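Below you'll find the structure, written out as structure tokens, and then a few comments.
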Amino acid sequence: MRVDTTILGAGASGVMAAIQCGLRGRSVLVLDHADRCGRKIRVSGGGKCNFTNAYASAADYVCGNPHFVKSALARFTPQDFTAFMRRRRLTIVDMGKGMLFGDNANRVADALNEEAVGTGARFVFNAAVRGARREGDGFVVNVSASEIPDGKVLCSSLVVATGGLAWPQVGASGLSYEIARGFGLRVTELRPGLAPLLASVESREWCAALSGISLPCRIVLPQTPEAPLIEGDLLFTHKGLSGPAALDASLYWREGRPLQIDFLPDSDLMGVLTSTPRLELKNALSRLLPKRLALALCALEGWSGQVAGLSKKRLLAVESAVRAFPFAAASVDDYAKAEVTLGGVDTAQFSSKTMECSTIPGLYFTGEALDVAGRLGGYNLQWAWASGVAAGSFA
Ligand SMILES: Cc1cc2nc3c(=O)[nH]c(=O)nc-3n(C[C@H](O)[C@H](O)[C@H](O)COP(=O)(O)OP(=O)(O)OC[C@H]3O[C@@H](n4cnc5c(N)ncnc54)[C@H](O)[C@@H]3O)c2cc1C
């Protein structure tokens, strides 16, 4: 089989690349080992697809080259994808903080698939991609699929959109990295991102006792200056910390570096304590914090007695423990629980405008396969759409 452009992966970035290539009149073949397009889109946002974040900017991404995402994000914006949702008459739900959701992720994936097919792109599912290599000015892709009996696709452009390692349960694999290494490209260190933080052995029991408690918090990573201030809900689990704030923190946390958690980001703790001198400290704290957490903090720190009986020094210690609680994570959870892969194919080897490899003309990488990971809140899909459009405009 011979086509202009082969796209490996019918996920978020692959489908966008297919639409763009199809609109340019290229003959396009999309290969995927899944049985339909966008398996990850279909589970995204709890099945509702947080398809973009209206405020997405380079600061929301972790990447070895922080400028790399700028060009693609500027040329395909959150407003562009929102316009697509409107044109397809898909419901848009504004969840605040710039987070735009659909109401049914399957419909988003199906609409994208239809658009791509409408431009003439051909999809072959249940296709086991064996590898790809350079041949002349083009590429040969080896694949096992009943629709490609000789198992070979020749093409002049190859887009690798096979994503990262997160959520193998919907078909994530290491193919992007294998192909990159096969072409002699560098892959940075890979680790699970947007994943729960696992407590150290010493604090695991403490977290487990608080399991189920969710509260708004602010997280600071004092030893990671590039980490932003993280705000959001935190959830105690049997294994440690989860919830949006912990998942975001996992992008920046590294072994041996403590997190500081502010359990009362918007409250005047000292004001409340000094206005309730006769209350037992545990009861005063329970007015502000979930009771189980207030009691657990008192037990952990050995606090007891009435507020009025506490010295100024002790009150400051209470404030410090509640507003800058040191949490020593042992690790992040594994890829089965992670929403993205941190690290990936090194962006230094690619044009930020076209996603084309600077040393191998015709070879493009998009989406999560690259060393780009976004924060929680629609940023990762926005990157997938934008990088897919960038590649599809040239591949
Ligand atoms: C549970 C979950 C929820 C998420 N929710 C959101 C959200 O609401 N908002 C947001 O912005 N981001 C979300 N993300 C992240 C987002 O889905 C991804 O970052 C995005 O889909 C990456 O796009 P991609 O095109 O790079 O890869 P993918 O969308 O993962 O597509 C890769 C494609 O390649 C195919 N493939 C992989 N390996 C092979 C192989 N060996 N052979 C053939 N085909 C292969 C896969 O089947 C898949 O179709 C979520 C992720 C998860 C896991």
Side-chain angles (χ1 to χ4, degrees), residues 6-18 30-54 56 60-62 78 81 93 95 98-102 105 108-109 112-113 123-132 141-145 159-179 192-195 244 247 251 333-342 344-345 355 364-389 391-392:
T6 305
I7 298 173
L8 305 181
S13 65
V15 179
M16 286 307 266
V30 188
L31 301 173
D32 200 299
H33 65 176
D35 58 357
R36 68 207 129 126
C37 109
R39 290 287 310 274
K40 225 179 249 184
I41 300 172
R42 293 171 194 276
V43 297
S44 67
K48 300 207 164 160
C49 187
N50 180 191
F51 61 84
T52 194
N53 192 296
D60 301 304
Y61 295 88
V62 179
F81 198 86
V93 183
M95 298 292 279
M99 294 184 291
L100 298 180
F101 281 68
V108 179
L112 286 164
N113 198 3
F123 285 76
V124 173
F125 293 110
N126 302 307
V129 177
R130 306 280 177 224
V141 175
N142 294 311
V143 56
S144 291
V159 180
V160 182
T162 35
L165 296 165
W167 263 55
Q169 54 272 49
V170 291
S173 80
L175 184 65
S176 304
Y177 316 117
E178 279 165 38
I179 292 178
L194 296 182
L247 299 193
L251 291 182
D333 217 331
D334 57 27
Y335 284 110
K337 297 279 167 51
E339 287 200 9
V340 285
T341 310
L342 262 174
V345 184
M355 303 296 133
Y364 300 77
F365 276 72
T366 59
E368 198 179 318
L370 289 164
D371 169 27
V372 175
R375 297 182 65 177
L376 200 74
Y379 302 101
N380 285 297
L381 282 174
Q382 183 56 38
W383 168 246
W385 316 135
S387 58
V389 168

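On a predicted model such as this, the values are computed, not experimentally measured, just so you know. Numbers here are sequence positions counted from 1. Both counts, for ligands and for their atoms, begin at 1 and track the order of listing.
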### Task
Only heavy atoms count here, so choose which of Lys40, Arg39, Arg130, Glu178 is nearest to atom 17 (O) of ligand 1.
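Among Lys40, Arg39, Arg130, Glu178, the closest heavy atom to atom 17 (O) of ligand 1 comes from Lys40.
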### Task
Would you mind finding which of Ile41, Leu381, Val124, Thr341 brings a heavy atom closest to atom 10 (C) of ligand 1?
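Nearest option to atom 10 (C) of ligand 1, by heavy atoms: Leu381.
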For [atom], what is the closest protein heavy atom, and at what distance to 0.1 Å?
atom                    : value
atom 51 (C) of ligand 1 : Glu339 O, 3.3 Å
atom 26 (O) of ligand 1 : Glu368 N, 2.8 Å
atom 29 (O) of ligand 1 : Ala12 N, 3.2 Å

#### Entry: Geometric class of the Tyr61/Tyr379 ring pair [parallel <30°, tilted 30-60°, perpendicular >60°]
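If you compare the ring of Tyr379 with that of Tyr61, the planes turn out perpendicular.
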Which atoms from ligand 1 have a heavy atom of [X] less than 4.0 Å away?
X      : answer
Gly367 : 26 (O)
Tyr379 : 11 (O)
Gly171 : 37 (C), 38 (N)
Gly45  : 5 (N), 6 (C), 7 (C), 8 (O)
Asn50  : 7 (C), 8 (O), 9 (N), 10 (C), 11 (O)

### Message
Any atom of ligand 1 sitting under 4.0 Å from a heavy atom of Ala166?
### Response
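Per 4.0 Å heavy-atom rule, Ala166 does not contact ligand 1.
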### Query
Does ligand 1 have an atom under 4.0 Å from some heavy atom of Ala161?
yes
### Summary
The residue among Val30, Ile179, Asp32 that forms side-chain contact (heavy atoms from CB on, under 4.5 Å) with Leu8 is Ile179
### Task
Verify the distance criterion only: is there a donor paired with an acceptor across the side chains of Ser13 and Ser387 at less than 3.5 Å?
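Side chains of Ser13 and Ser387: no pair found under 3.5 Å.
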Between [X] and ligand 1, does any nitrogen or oxygen pair lie at a separation below 3.5 Å?
X      : value
Ser173 : yes
Asp32  : yes
Cys49  : no

#### Entry: Rounded distance [0.5 Å steps], OG in Ser144 versus CG in Leu31
11.0 Å
### Task
Would you mind telling me if ligand 1 is within reach of the side chain of Ala10, the backbone, both or neither, using heavy atoms under 4.0 Å?
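Near ligand 1, Ala10 shows its backbone, while the atoms from C-beta on stay back.
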